[in-house]
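As the structure lists them, so they are numbered: ligands from 1, and atoms in each ligand from 1.
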Amino acid sequence: MTTPAKPRVAILISGRGSNMQALVDAARGPDYPAEIALVISNRPDAPGLAWAKSQGLPTLALDHKLYEGREHFEGQLQSMLELSKIDLVALAGFMRLMTAPFVGRWSGRMINIHPSLLPAFKGLHTHEQALAAGVRISGCTVHFVSPEMDGGPIIAQAAVPVLTSDTADALAARVLAAEHKLYPLALARVARGEIVLNAGIVQIQPVVNSGINQEPALFSP
Ligand code: GAR
C-alpha cells in the first residue's frame with residue numbers, strides 16, 4: 001500500500017527566518033504531515049534564505065523591487081507556487097501586503113503567524129504596542145490570511161506573561177519562543193485537514209492527542 005503524499009508547503013519569508021526554521025525542523029520528523037517543498041524570500045539577502053539553502057531546501061529569491069506593482073510580483077509568485085505544485089503557503093515574517101485577488105486564490109490554504117494575541121496589536125512594533133497598552137498577557141496567533149492585514153480567521157494562539165521589567169526586546173524573545181512551538185503545531189493541524197476554513201469560519205475537528213491540547217501554554221479555540 002502506498003502512503004498518501006504529504007501536502008507541499010511553501011514558506012514565505014523576508015528576514016531572519018526563525019519561524020521558518022521551526023517549521024523545517026518539525027517537518028523533518030517522519031510523522032509530520034507536511035513537506036516543506038519551497039522557501040521563497042522577497043529579499044534576496046534575507047538571512048533565512050541563506051539558511052534554507054544551506055539545508056539543501058529548494059529556495060527562490062523574488063525581489064519585489066524588480067516588479068512593477070504588487071500584481072506583477074504576485075503573478076510571478078503564483079507561477080512559482082504552481083510550478084512547485086504547492087498545496088499550502090505559510091507566511092513566516094513575510095513583510096509584504098498581498099492583494100485581495102491573490103489572497104482569495106489561496107483562501108483557506110495560506111496561513112500567517114503574528115506576534116500578538118490578535119485582534120490586539122496588528123501591524124508593526126507589536127511588542128511596543130503591547131507594553132504601551134499595559135497588557136499583562138501577550139502571545140502569538142496563527143491565522144488564515146485574509147485581505148485585511150493580520151485580520152484573518154484565527155487558527156491557534158499561545159499566551160505568555162508580560163513582566164513589569166519587560167522591554168520590547170525581552171517580550172519579543174518570550175513571544176518568539178512561543179511562536180516556534182505554536183506554528184509547527186498549527187501547520188500540522190491544517191495540513192491534516194483538522195482545521196479548515198469554511199465560508200470564512202474556522203472549523204476545528206476535535207482531535208484526541210493533538211499537540212495543542214496537550215500543551216498547557218497553548219490554546220486553540
Ligand atoms: C515573527 O515574530 C513573526 O511573528 C512576525 O515577524 C517575525 C519574524 O521573525 N510577523 C509579523 O509581524 C507579521 N505581521 P522570523 O523571521 O525570525 O520568523
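No hydrogens or angles considered: nothing links the side chains of H127 and S138 as a donor-acceptor pair under 3.5 Å.
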Original post:
Given the rule in the side chain to side chain donor-acceptor pair (under 3.5 Å) test, do Q78 and E82 qualify, once you have shown the distances and angles that lead to the verdict?
Top reply: CA-CA 6 Å; Q78 179 67 24; E82 284 173 11; 2.7 Å; yes
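Ring geometry for F94 versus F73: interplanar angle under 30°, hence parallel rather than tilted (30 to 60°).
For E74 and R105, the salt-bridge test fails: no basic side-chain N is under 4.0 Å from an acidic carboxylate O.
For ligand 1, the 4.0 Å heavy-atom shell takes in R16, G17, S18, N19, G93, M95, I113, H114, P115, D150, L176, E179, ordered by chain and residue number.
Using a 4.5 Å heavy-atom threshold, the side chains of R43 and H64 count as touching. Side-chain contact between Y183 and L23 is present, with at least one heavy-atom pair separated by less than 4.5 Å.
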